[in-house]
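All chains are named by letter (A, B, ...) in the order of the sequence lines, taking the proteins before the strands, and each is independently numbered beginning at 1. In what follows, every heavy atom counts, from backbone to side chain, and hydrogens, waters and symmetry copies are set aside.
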Protein chains: 2
Amino acid sequence: MFSKACEYGIKATIYIAVKSMRQERVSLKEIAEEVDSPVAFTAKILQSLAKSGIIDSHKGPTGGFQIEETKIDTIKLHDIVHAIDGDKIFVGCGLGLEQCDASQPCPVHDKFVGIRDNLKIMLKNTSLYELATGLEIGLTHLKR
Amino acid sequence: MFSKACEYGIKATIYIAVKSMRQERVSLKEIAEEVDSPVAFTAKILQSLAKSGIIDSHKGPTGGFQIEETKIDTIKLHDIVHAIDGDKIFVGCGLGLEQCDASQPCPVHDKFVGIRDNLKIMLKNTSLYELATGLEIGLTHLKR
DNA sequence: TTTATTTAGGATAAATTTGTCCGAAATAAG
DNA sequence: CTTATTTCGGACAAATTTATCCTAAATAAA
Ligand code: FES
Ligand code: FES
């Protein structure tokens, strides 16, 4: 469904959000630990999320990653997925035709579009805030 | 969403079904052509679909692939996807936790499970027959 | 200013998926 | 029986994704 990079990216962002809600910055090392992801690979992903403007990064001692608190509520899961995996999952054909086009549909088009759109709606409606809150109150988990 | 192998496999199976409904066997070469897929790679996929019992293969001149006509209606999209991509897409965690477990859910579990289940239901309800019919009457297409 | 710490970024490597090649095996037809 | 055709199956290669390593740049604190 999502790429490994995207899975790590989502988990990392949620973890950063939890910390940011407590005005805490968090280091790459800690993130990778808490999210159960390879450190160097996670670094790349966070780097790209920073470039996308979803998270902020700071170098040096006391450095690390954080998210502007006012943004935590407006950032949606969709934004993270789109930043990392692009829009193929949102607009791509289920059978890999170059372009999904209702006027020249593939055999699964009608059935697939509904699922795809549901996914998109879900991702657009899910805020980082609710995901972070669920984690903070111990309702959800980032690793097993 | 689906692997490339699965995309090719679905398209190939639909094409074979259309031909089988006319009591025609079809060669690998023709399939790859009509489905717009790499020949040798398609051969591997068809081979595995044959082992899974979804399609039948015959060697030699006049050989090729076909599907038992009585099965075309009972084979569901789910069977093809499961045969090629396994069940990760049906039971796997959206964030890649080793196991999706409602009693120890990841942050997206509640929202993800709904989408995942919808996909599963859709695939279980979609028969090869209807996909093949749509293609035969020119309503849908396998390449662009 | 020096040092320690942390992210940035480029090069590289490993793993997986996708794709190719070729000889073997089966089989239909002359 | 011989030949031509077609799938089978194993080895191999290319491309992509995932993951690592190392140096540079920034920066906070002594
Ligand atoms: S054309 Fe295939 S999903 Fe729309
Ligand atoms: S635990 Fe992640 S989707 Fe169920």
Legend entry - Pairs where residues 24-56 of chain A contributes a residue and the test ring-ring contact (aromatic ring centres under 6.0 Å, His included) is met, not counting sequence neighbours: A/Tyr8-A/Phe41
Inset, instruction - Could you pull out all residues at least two apart from B/Glu136 that satisfy salt bridge (charged side-chain N to carboxylate O under 4.0 Å, His left out)? - result: B/Arg22
Inset, instruction - Give me the first and last nucleotide of DNA chain C, going 5' to 3', that has any atom under 4.0 Å from a heavy atom of chain A. - result: C/dA4 to C/dA11
Legend entry - Residues touching DNA chain C, which here means a heavy atom under 4.0 Å, drawn from residues 27-53 of chain B: B/Pro38, B/Ala40, B/Phe41, B/Lys44
Legend entry - side-chain hydrogen bond (donor to acceptor under 3.5 Å, both in side chains) partners of residues 116-125 of chain A, not counting sequence neighbours, each pair once: none
Inset, instruction - Scan residues 32-41 of chain B for pairs that pass side-chain hydrogen bond (donor to acceptor under 3.5 Å, both in side chains), counting only residues two or more places apart or in two chains. - result: B/Ser37-B/Thr42
Inset, instruction - Mind checking side chain to side chain donor-acceptor pair (under 3.5 Å) for A/Asp85 and listing every partner two or more places apart, or none if nothing turns up? - result: A/Ser3
Inset, instruction - Round to a whole Å and report the spacing from NZ of A/Lys4 to C1' of D/dA19. - result: 13 Å
Identify all pairs in which a protein N or O lies below 3.5 Å from an N or O of nucleotides 24-30 of chain D, and state each distance.
none

Please list every donor-acceptor pair under 3.5 Å in which a side-chain atom of residues 95-102 of chain B meets a protein atom from a residue at least two apart or in another chain.
from	atom 1	to	atom 2	distance (Å)
B/Asp101	OD1	B/Ser103	N	2.9
B/Asp101	OD1	B/Ser103	OG	2.9
B/Asp101	OD2	B/Ser103	OG	3.1

Inset, instruction - Establish, with yes or no, whether the OP1 or OP2 oxygen of D/dT18 is under 4.0 angstrom from a side-chain nitrogen or oxygen of A/Tyr8. - result: no
Inset, instruction - Using the side-chain contact (heavy atoms from CB on, under 4.5 Å) rule, take A/Arg25 and A/Asp56 through it: C-alpha gap first, then chi angles, then the decisive distance, then the call. - result: CA-CA 10 Å; A/Arg25 215 175 254 172; A/Asp56 296 324; over 6 Å; no
Inset, instruction - Can you sort out the partners of A/Gln104 under side chain to side chain donor-acceptor pair (under 3.5 Å), two or more places apart, ordered by chain and number? - result: none
Inset, instruction - Not counting sequence neighbours, list each pair that qualifies as a salt bridge (Lys or Arg N to Asp or Glu O under 4.0 Å) and has a residue in residues 7-21 of chain B. - result: B/Lys4-B/Glu7, B/Lys19-B/Glu24, B/Lys19-B/Glu30
Inset, instruction - State which residues pass side chain to side chain donor-acceptor pair (under 3.5 Å) with B/Gln47; sequence neighbours excluded, sorted by chain then number. - result: none
